[in-house]
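Read the structure below first, then the notes.
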Amino acid sequence: MNLTHLYTKLYPWWEQNHRVLPWRETRDAYRIWLSEIILQQTRVMQGMDYYLRFIERWPTVEALAAADEQEVMRAWQGLGYYSRARNLYKSAQMIVERGWAPFPTRFEDIRSLPGIGDYTAGAIAAFAYDMPYPAMDGNVYRVVARLFDIEEAFDTSAGKRLFHECIETILDRAHPGLFDAALMELGALHCTPTLTDTETGELRCLTCPLSDLCQAYAHGTAQLLPVRKPRPVLRDRYLNYTIYLTEREGTVYTLIRQRTERDIWHHLWEFPLRESENGLLPAEKGTQSIDLKHILSHQRLYARFQKKAVRELPNLPDTRVVALRDLDEYGLSRLTLIALEKLL
Ligand code: SF4
């Protein structure tokens with residue numbers, strides 16, 4: 001690929017079209033890191049408020065490391081995926097303890113922090129320090145797949161390697177930060193999954209700055225790319241839960257058990273369970289029950305939760321009697337939480 005040509009097309013496009021975002025106006029690695037973690041599973045507009053609040057409250061990594069963990073978790077509330085907040089806090093402490101403040105400058109050190117994968121480490125290294133690392137997010141994978149017309153799935157280890165080799169051949173070593181940002185933005189705004197302009201219905205390739213370099217466009221395959229590995233076949237399972245309830249001196253008690261078998265939800269707690277083979281078991285007459293469907297990466301779960309008031313809790317192996325109000329002290333599976341919310 002003619003690199004001079006690529007850069008002289010891509011950069012003017014970036015200048016004219018990119019969104020102005022606060023974390024793009026800074027070279028402060030701490031702020032860039034914060035924005036990248038927030039944006040991992042959050043849309044730009046929603047993430048913005050949180051980003052601004054975080055940097056106002058904890059403007060440096062030292063400030064974040066000295067914060068109270070619960071306060072950090074509270075500030076994160078509403079963003080979901082709380083492991084991100086926990087890792088953020090843990091990382092801030094590691095950075096200070098290891099003498100890396102205001103932020104580590106070596107790629108390996110950045111990559112070693114909890115919650116940071118190849119993409120985030122590459123983005124921080126390139127945006128903050130202009131180090132020649134690609135920042136391969138979903139948008140970039142899509143653009144690269146199309147520029148090089150790659151039919152290999154990008155989400156396998158062989159595919160990842162191939163995509164990395166390709167991007168290494170076009171990475172602008174003189175301006176890696178600009179290059180990464182421009183390619184990401186092209187993927188986010190122009191080389192989109194559907195490729196048709198929502199207003200005009202026109203194929204975006206017709207107005208793309210890289211169209212004369214793009215092999216998928218030349219071969220008419222752009223809309224078929226990128227390719228993902230085939231999804232695994234889902235296994236169906238039928239879970240019959242009984243929520244036993246009994247009242248003693250104004251307190252309601254129930255039975256729960258911990259999942260110790262090598263299976264889904266390892267170590268989490270749930271109500272007594274009977275798993276059945278080809279369908280859910282009928283609910284007992286006179287009991288209140290709800291049915292839920294829950295999809296995990298490899299399994300489709302059909303669950304029936306049946307509420308059963310009893311005089312005495314039955315003596316079931318491996319169960320524990322707990323007061324209903326203390327249930328939140330136990331790590332419950334997400335399915336159990338949904339059932340609790342709906343049924344109790
Ligand atoms: S020509 Fe089309 S497929 Fe190729 S980079 Fe541009 S928008 Fe994407």
Side-chain angles (χ1 to χ4, degrees), residues 1-21 23-24 36 39-41 43-45 117-120 122-123 125-127 130 132-231:
M1 198 171 295
N2 183 330
L3 296 187
T4 317
H5 187 67
L6 170 66
Y7 307 148
T8 51
K9 294 277 186 174
L10 182 59
Y11 299 156
W13 177 88
W14 157 265
E15 284 304 329
Q16 281 174 20
N17 296 286
H18 75 270
R19 294 163 291 178
V20 177
L21 300 167
W23 47 85
R24 286 196 176 141
E36 289 296 340
L39 294 181
Q40 273 171 9
Q41 263 116 354
R43 289 178 177 281
V44 168
M45 277 312 152
D118 285 333
Y119 159 72
T120 308
F127 298 154
D130 239 340
Y133 287 95
M136 302 282 287
D137 73 346
N139 291 320
V140 173
Y141 273 110
R142 184 168 57 253
V143 177
V144 171
R146 290 169 173 173
L147 278 179
F148 290 87
D149 196 8
I150 304 174
E151 284 175 25
E152 178 122 12
F154 68 88
D155 50 354
T156 63
S157 42
K160 278 202 182 100
R161 224 171 308 135
L162 176 64
F163 276 74
H164 263 267
E165 281 164 23
C166 287
I167 201 164
E168 287 289 346
T169 66
I170 56 170
L171 182 67
D172 184 354
R173 276 152 224 286
H175 313 97
L178 171 63
F179 174 83
D180 284 352
L183 214 58
M184 280 167 75
E185 197 73 338
L186 186 79
L189 301 182
H190 201 93
C191 188
T192 50
T194 52
L195 265 182
T196 36
D197 191 304
T198 36
E199 278 165 28
T200 62
E202 199 179 57
L203 187 68
R204 288 188 203 271
C205 300
L206 300 171
T207 50
C208 174
L210 306 186
S211 58
D212 57 347
L213 292 163
C214 177
Q215 296 184 33
Y217 178 51
H219 301 152
T221 52
Q223 270 161 313
L224 305 174
L225 300 175
V227 174
R228 280 178 181 280
K229 69 176 172 209
R231 289 190 175 267

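Ligands are counted one by one from 1 in listed order, and the atoms in each one are counted from 1 as well. No experiment lies behind these values; they were computed from the predicted model shown.
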For ligand 1, which atoms sit closer than 4.0 Å to a heavy atom of A222? 3 (S)
Atom 4 (Fe) of ligand 1 sits nearest the protein heavy atom C214 SG, 2.4 Å
Under 4.0 angstrom from ligand 1, any heavy atom of A216? no
Main-chain N/O of R228 paired with D155 side-chain donor or acceptor, under 3.5 Å: no
Within 2.8 Å of atom 8 (Fe) of ligand 1, is there any N, O or S atom belonging to H190? no
Minimum heavy-atom separation for M1 to L147, with atom names? CE-O, 4.1 Å
Set out, in order, the CA-CA distance, both residues' side-chain angles and the distance that settles side chain to side chain donor-acceptor pair (under 3.5 Å) for Q40 and Y119, then state yes or no. CA-CA 10 Å; Q40 273 171 9; Y119 159 72; over 6 Å; no
Counting only heavy atoms not in H175, do more than 12 fall under 6.0 Å of its NE2? no
Would you mind checking which non-hydrogen protein atom is closest to atom 6 (Fe) of ligand 1, with the distance to 0.1 Å? C208 SG, 2.3 Å
Check whether any N, O or S atom of C205 sits under 2.8 Å from atom 2 (Fe) of ligand 1. yes
For atom 8 (Fe) of ligand 1, which protein heavy atom lies nearest, and how many Å away is it? C191 SG, 2.4 Å
Any side-chain donor near an acceptor of the partner, H164 and D118, under 3.5 Å: no
Would W23 and V44 satisfy side chain to side chain contact (heavy atoms under 4.5 Å, CB included), going step by step from the backbone distance to the final call? CA-CA 11 Å; W23 47 85; V44 168; 4.1 Å; yes
Give the numbers and elements of all ligand 1 atoms closer than 4.0 Å to a heavy atom of R146. 3 (S)
In the structure I gave you, are the side-chain heavy atoms of K160 and M136 within less than 4.5 Å of one another anywhere? no
Could you tell me if any non-hydrogen atom of L195 lies under 4.0 Å from any atom of ligand 1? yes
